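For reference, the structure is listed below as structure tokens.
Predicted model only: the values in this text are computed from it and were never measured. Count residues from 1 along the sequence.
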Amino acid sequence: QVRLVESGGGLAQAGGSLRLSCAASGSIFRINVMAWYRQAPGKQRELVATITRSGSTNYADSVKGRFTISRDNAKNTVYLQMNSLKPEDTAVYYCNTDRIETIQGQYIYGLWGQGTQVTVSS
């Protein structure tokens with residue numbers, strides 16, 4: 001089966017950095033847009049960043065200039081480099097893609113990872 005698995009979360013100090021990874025596994029031919037979302041306790045899930053197959057990116061205003069999303073299509077992996085971390089960045093971070101095409105020609109829509117906790121201390 002096709003799945004997304006996040007890694008790299010943990011505890012960082014304010015001003016520090018973390019790099020999140022999300023690896024897709026399975027019989028994958030192509031992954032469309034990939035994205036990072038986050039959800040803090042008591043808040044709605046929010047979109048952090050997106051990246052197309054060709055590398056076009058978009059960021060939430062709250063992370064612009066601090067976070068960088070990237071992807072390695074050959075590895076079916078998306079990354080989120082988080083610099084200048086703030087306590088407000090504390091949340092569970094989720095990897096997402098809108099569509100995956102399998103080698104067999106099947107399409108899987110709206111796939112999510114299990115999430116990885118990021119905690120930033122003041």
Linking I/L/V/M/F/W/Y whenever any side-chain heavy atoms sit under 4.5 Å apart, do V63 and Y37 land together? no
Any side-chain heavy atom of Q81 within less than 4.5 Å of one from F67? no
Given 3.5 Å as the limit, does a donor-acceptor pair link the side chain of T90 with the main chain of V120, or not? yes
Polar side chain donor-acceptor pair, Y93 to R38, under 3.5 angstrom: yes
Over all atoms of both residues, closest heavy-atom pair of L4 and C22: CB-SG, 3.8 Å
Not counting sequence neighbours, which residues clear salt bridge (charged side-chain N to carboxylate O under 4.0 Å, His left out) with E88? List them please. none
Taken to the nearest 0.5 Å, the spacing of R66 CZ from T68 OG1 works out to 11.0 Å
Should V33 and W36 be regarded as members of a common hydrophobic cluster, given that ILVMFWY residues are connected when their side-chain heavy atoms come within less than 4.5 Å of each other, either directly or indirectly? no
Is D61 salt-bridged to K64, cutoff N-O under 4.0 Å? yes
Work out which heavy atom in I51 is nearest to a heavy atom in R71; give both atom names and the distance. O-NH1, 3.2 Å
Can you name the closest pair of heavy atoms from A40 and A91 and give their distance? N-CB, 3.8 Å
In Å and rounded to the nearest 0.5 Å, what is the OH to OG1 distance from Y109 to T97? 11.0 Å
For S27, what residues pass the side chain to side chain contact (heavy atoms under 4.5 Å, CB included) criterion, not counting sequence neighbours? T102, I103, Q104
Same cluster (ILVMFWY, side-chain, under 4.5 Å), I69 and M82: yes
Side chains of N83 and S17: donor-acceptor distance under 3.5 Å anywhere? yes
Same apolar cluster: V118 and L80, side chain cutoff 4.5 Å: yes
Any sub-3.5 Å donor-acceptor pair from T77's side-chain atoms to A23's backbone N or O? no
Let me confirm one number: the CG-OG distance from L85 to S122, rounded to the nearest 0.5 Å. 13.0 Å
Does the structure place the NZ or CZ of R3 under 6.0 Å from the centre of the six-membered ring of W112, at an angle of no more than 45° from the ring's axis? no
Below 4.5 Å, heavy atoms only, C-beta onward: do I31 and I28 meet side chain to side chain? yes
In short, L11 meets S121 closest at the heavy-atom pair CD2-OG, 4.2 Å
Backbone N/O of G115 and side chain of E6: donor-acceptor pair under 3.5 Å: yes
What pair of heavy atoms forms the shortest contact from V2 to L111, and how long is it? CG1-CD2, 3.7 Å
Cation-pi between R99 and Y107: NZ/CZ under 6.0 Å from ring centre and within 45° of the ring axis? no
Beyond-backbone contact of V5 with Q114, side-chain heavy atoms, under 4.5 angstrom: yes
If you apply the rule side-chain contact (heavy atoms from CB on, under 4.5 Å), what do you find for I100 with N32, and how did you get there? CA-CA 6 Å; I100 291 177; N32 200 43; over 6 Å; no
Do you know the tightest heavy-atom contact between V78 and C95? CG1-SG, 3.6 Å
With a 4.5 Å limit on heavy-atom distance, are the side chains of Q39 and Y94 in contact? yes
Are there more than 12 heavy atoms of other residues, nucleotides or ligands under 6.0 Å from atom CZ of R53? yes
